[in-house]
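For reference, the structure is listed below as structure tokens.
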Amino acid sequence: MFDIASDLLLAVDTNSLQVVAANQTALQSLSYSLDDITQLSITDIEASLQDVFYWDAVSTGIVQSIHHVEGQYRRADGQLIDVEKSIVPMPGHPRLLLICARDTSARQQTAQALEHYTSMLQATLEATADGILVTDTTGRIVNINHRFARMWQLGDDLLARQDDSEILDAMTEQVSQPDEYLARLVEITEDLHNESDDLIEFKDGRVFERHSMPQSIREHVVGRVFSFADITHRIQTEAALRVARDEAEQANRVKAEFLSQISHELRTPLNAIIGFSQMLADDLPATQRDTVQHITKAGWHLLELINEILDFAKLEAGKLSVTLESVDIQALINDCLMLIQPIAQRHRVTVHLEPSPAQLVRADPTRLKQMILNLLSNGCKYNRPHGKVTVQVTGNEKQTRIFIKDNGIGISETDLTKLFQAFTRVGKEQHKVEGTGIGLAFTQRLAQLMGGDVGVSSAEGVGSTFWIDLPTATQPTTPHLDNPPQAKSADHAHHTVLCVEDDRSSMLLLKSILQKHRPNLHLLTASSGLQALQQATAHTPDLLISDMNLPDMKGSEILAKLRTIPNLTTLPALALSADAQAGDISAGLAAGFNRYLTKPINFNSLVSEIDELLNKPNQ
Ligand code: ADP
């Protein structure tokens with residue numbers, strides 16, 4: 001019945017219920033000495049209620065044997081231990097009962113721990129965001145969590161029947177490619193050792209991500225754990241994002257095309273305005289020259305506005321790059337002060353540079369000039385009559401700060417927070433003053449591109465101080481020439497130039513410039529690609545100057561065709577176009593043009609490029 005040595009043995013008197021004997025195991029397990037335990041009644045040791053009833057019955061003479069009953073014993077220190085016991089009359093001693101008990105606490109603890117771990121495991125399965133399916137190596141379902149059942153829409157009735165093939169059918173009929181799904185499942189199940197990853201598409205549009213891993217116990221594969229994640233929302237969001245991105249890219253392309261188109265359309269008439277007014281001014285007496293020069297200046301200003309908007313669009317698209325060099329900041333500011341004079345005079349404001357130490361900064365000189373002019377022009381525009389704008393430069397070997405300070409209308413604290421947002425104009429005066437609201441945003445982003453920044457402090461009614469921070473440069477300044485020196489006259493008596501241009505005023509201007517500055521050149525003109533080919537075949541020109549968009553051909557096509565004519569295979573070519581985007585220029589050069597000048601025409605550049613190409617035709 002029991003392994004006697006390891007069992008607790010107690011002998012109890014049926015009359016007194018007194019413990020009369022105990023073996024060593026009983027004494028040790030219950031922590032009593034023999035003397036002490038024999039002072040006790042068995043009911044002091046046995047703890048459960050049914051034991052009390054049993055011993056009551058015994059004391060009234062009803063003695064029954066019991067076998068393998070669970071109970072609890074109280075030790076000397078009060079702690080309870082679980083036992084499994086049997087009670088039988090002691091052979092040869094009718095008044096004694098023999099209790100034979102086994103301490104089952106350890107076994108009970110193991111069982112409890114097992115139960116605890118099992119429920120922890122199940123709770124963990126239930127607490128995962130994924131649907132979990134566990135199968136054995138043959139593919140039979142071993143376990144699932146509720147989430148799995150919910151995701152796969154498996155009802156309680158179906159699950160209660162525990163019929164694997166019925167469950168598989170219910171799953172398969174939901175997916176959009178049932179045959180493929182089953183084939184893949186077989187494949188995964190048969191492959192005992194590898195992980196798997198796939199997407200499952202459903203007929204109703206849902207998409208699940210399925211990941212599975214072999215399940216091993218002591219390196220022995222016992223099955224596979226599948227986890228399912230519903231990624232429908234993610235897929236839909238990604239698809240929506242893709243559509244939005246495509247639309248944005250399309251919109252960007254349209255915007256870029258629109259900007260390039262606008263730029264082209266504006267540059268052509270500007271070419272005539274600026275070009276002719278410049279020529280006119282040269283021929284007028286000094287008294288009238290001033291008036292005409294206003295037209296020229298307005299033309300250049302308009303061009304600046306166009307360029308500003310185009311530049312900003314490029315900057316926003318991340319397509320604007322800066323060329324950093326060492327710039328003499330004093331010289332550059334002096335240039336700016338000269339350029340700003342007309343605006344300052346118009347607003348009756350004085351602008352001056354405070355004495356500042358000579359300083360070199362690392363910047364793109366053209367862009368920096370643009371930035372300073374922006375701030376200077378704001379200082380004049382948002383000022384009062386007889387107001388002042390002062391420029392000051394401070395700095396150390398690391399950083400240079402250019403202050404542009406005015407005592408104008410100032411900016412309120414709330415407006416200061418919006419100041420650098422593009423197309424944002426602030427303050428009461430904004431409607432009275434011309435502007436686009438991109439100057440400050442552009443200036444700030446340019447400064448950041450150059451490794452610096454822009455800041456401001458202002459008080460309403462008192463004035464504003466803007467500053468540009470830039471890295472200080474140590475290398476010597478490279479001379480920056482804004483206006484290339486006037487080309488020296490050259491003798492072109494034996495040179496013929498073919499000018500191809502369909503816009504009449506542009507052609508007239510080109511002819512006027514060449515007749516005035518290079519009167520010895522022999523000019524041929526054509527207003528279409530076909531005419532150009534005819535002229536070239538008949539007269540073998542030394543240089544082609546061509547617009548890039550003729551009614552019948554592109555400039556590059558004309559050049560390609562001309563260069564197939566014997567004697568013209570190395571014909572030098574200069575593109576003169578209102579297509580002024582960097583991409584247009586590089587495409588023109590790639591098509592074989594030796595030079596590419598943009599409209600409006602800069603006389604000096606045009607003349608010097610012509611001289612160079614005619615004198616060194618292979619450049
Ligand atoms: P714009 O001058 O074309 O409007 P900006 O981006 O240069 O664009 O300036 C944005 C706004 O900031 C202006 O509309 C004006 O309200 C305010 N602002 C800029 N500079 C000054 C200044 N020096 N004093 C007062 N307000 C200014």
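Every number for a ligand or one of its atoms is a count from 1 in the order of the listing.
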Donor-acceptor side-chain pairing of Gln359 and Thr400 below 3.5 angstrom = yes
Is the shortest N/O to N/O distance between Gly439 and ligand 1 below 3.5 Å?
-> yes
Would you tell me which option among Ser458, Cys380, Ala441, Gly437 has the nearest heavy-atom contact to atom 8 (O) of ligand 1?
-> Gly437
Say whether Asn374, considering both its backbone and side-chain N or O atoms, lies within less than 3.5 Å of an N or O atom on ligand 1.
-> no
Between Thr417 and Asp415, does any side-chain donor sit less than 3.5 Å from a side-chain acceptor?
-> no
Distance-only side-chain donor-acceptor flag, Thr268 / Asp503, under 3.5 Å | no
Please work out whether any backbone atom (N, CA, C, O) or any side-chain heavy atom from C-beta onward of Ile411 is under 4.0 Å from ligand 1, and answer side chain, backbone, both or neither.
-> side chain
Report yes if Phe466 has an N/O atom closer than 3.5 Å to an N/O atom of ligand 1; otherwise report no.
-> no
Salt bridge (charged side-chain N to carboxylate O under 4.0 Å, His left out), paired with Asp469, selected from Arg401, Arg362, Lys398 | Arg401
Does Val351 reach the side chain of Cys380, with side-chain heavy atoms less than 4.5 Å apart?
-> yes
Hey, is Thr443 touching ligand 1 through its side chain, its backbone, both or neither, going by heavy atoms under 4.0 Å?
-> neither
In plain terms, say whether Asp579 and Arg267 are close enough for a salt bridge, that is, a side-chain N and a carboxylate O under 4.0 Å apart.
-> no
With atoms numbered from 1 as shown, which atoms in ligand 1 lie under 4.0 angstrom from a non-hydrogen atom of Leu419?
-> 12 (O), 17 (C)
